[in-house]
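Reviewing the structure listed below.
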Amino acid sequence: MNDFPSPHTVKQQLQACRSKEETFKALVALSKRLPRLSDEEKTDENQVKGCESAVWLIVEGSAEQRYFKADSDAKLMRGVLVAIISLITGKTQQAIQEMDLKTELAELNLSSYLTSSRTNGVLSILARLQA
């Protein structure tokens with residue numbers, strides 16, 4: 001995952017957006033940086049419940065260094081997943097649990113895209129990551 005953007009890069013790209021259309025384009029561009037999961041990885045166990053679109057999340061590594069693989073059937077959600085994963089990948093489980101991920105995401109200008117049903121899905125993803 002050397003091609004994965006840094007949190008700083010993601011934040012810069014999303015905060016530079018001046019319209020809903022620009023944000024949408026930026027999220028779609030980010031979505032292309034997320035490697036697709038194989039059909040074998042898209043299991044019920046890896047699926048995040050409570051999301052409007054299908055979302056799968058795989059946690060790898062030890063408690064000392066977490067890495068994540070994720071996928072969604074929606075481009076927009078794949079872009080949101082890149083934003084989330086960029087914030088936490090390589091961190092310890094304790095550091096992830098101590099982060100205020102909702103605030104971090106709020107700083108990325110995503111509110112216009114997070115409808116109430118999408119917000120519930122994102123909250124389900126965050127809860128799973130911090131569990």
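From a predicted model like this one, the values you see are computed outputs, not experimental measurements. Computed over heavy atoms, backbone and side chain alike; hydrogens, waters and symmetry mates excluded. Residue numbers count from 1 along this sequence.
- V28 has its side chain out of reach of L76: every pair of non-hydrogen atoms, C-beta onward, lies at least 4.5 Å apart.
- Put simply, the side chain of V55 does not reach to within 4.5 Å of the side chain of Q47, judged on heavy atoms.
- We find the NZ-CD distance between K25 and E22 to be 8.0 Å, quoted to the nearest 0.5 Å.
- For residues 70-86, the pairs satisfying salt bridge (charged side-chain N to carboxylate O under 4.0 Å, His left out) are R36-D71, K42-D71, D71-R78, with sequence neighbours left out.
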Checklist entry - Can you check side chain to side chain contact (heavy atoms under 4.5 Å, CB included) on S72 and L81, steps first, answer last? => result CA-CA 8 Å; S72 175; L81 286 166; 4.0 Å; yes

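- Residue pairs that meet the salt bridge (charged side-chain N to carboxylate O under 4.0 Å, His left out) test with at least one member in residues 120-131, sequence neighbours left out, do not exist here.
- A search for salt bridge (charged side-chain N to carboxylate O under 4.0 Å, His left out) contacts involving E45 returns nothing, not counting sequence neighbours.
- Interatomic distance, CG of L105 versus NZ of K11, reported as 10.5 Å (0.5 Å rounding).
- The two residues G79 and S31 make their nearest non-hydrogen contact at N-CB, 3.6 Å.
- Shown here for S86 and P5, the closest heavy-atom pair between the two residues is CB-O, 3.6 Å.
- Taking T9 as the reference, S6 meet the side chain to side chain donor-acceptor pair (under 3.5 Å) condition, with sequence neighbours excluded.
- One distance of note links CG of L27 with CD of Q13; it measures 9.5 Å at 0.5 Å rounding.
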Pairs of donor and acceptor atoms involving the side chains of residues 56-63, under 3.5 Å and at least two apart or interchain, shall be tabulated with distances.
unit_1, atom_1, unit_2, atom_2, d
S62, OG, E64, N, 3.1
S62, OG, Q65, N, 3.4

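- Between A83 and L108 the shortest heavy-atom distance is CB-CD1, 3.8 Å.
- With hydrogens and angles ignored, the 3.5 Å screen pairs no side-chain donor or acceptor of S124 with any backbone N or O of V48.
- With hydrophobic clusters built from ILVMFWY side chains whose heavy atoms lie under 4.5 angstrom apart, L37 does not share a cluster with I84.
- With rounding to the nearest 0.5 angstrom, the CZ atom of R18 is 8.5 Å from the CD atom of Q15.
- Q94 CD: 12 or fewer foreign heavy atoms inside a 6.0 Å radius.
- Annotation: salt bridge (charged side-chain N to carboxylate O under 4.0 Å, His left out) contacts involving residues 80-103, sequence neighbours excluded, are absent.
- Judged by distance alone, with hydrogens and angles left aside, the side-chain atoms of K69 form no donor-acceptor pair with the main-chain N or O of E41 at under 3.5 Å.
- Just one of T92, T89, I88, I96 meets the side chain to side chain contact (heavy atoms under 4.5 Å, CB included) condition when paired with R66; it is I96.
- In the hydrophobic clustering of this structure, M99 groups with V80; members are Ile, Leu, Val, Met, Phe, Trp, Tyr whose side-chain heavy atoms approach within less than 4.5 Å, directly or through other members.
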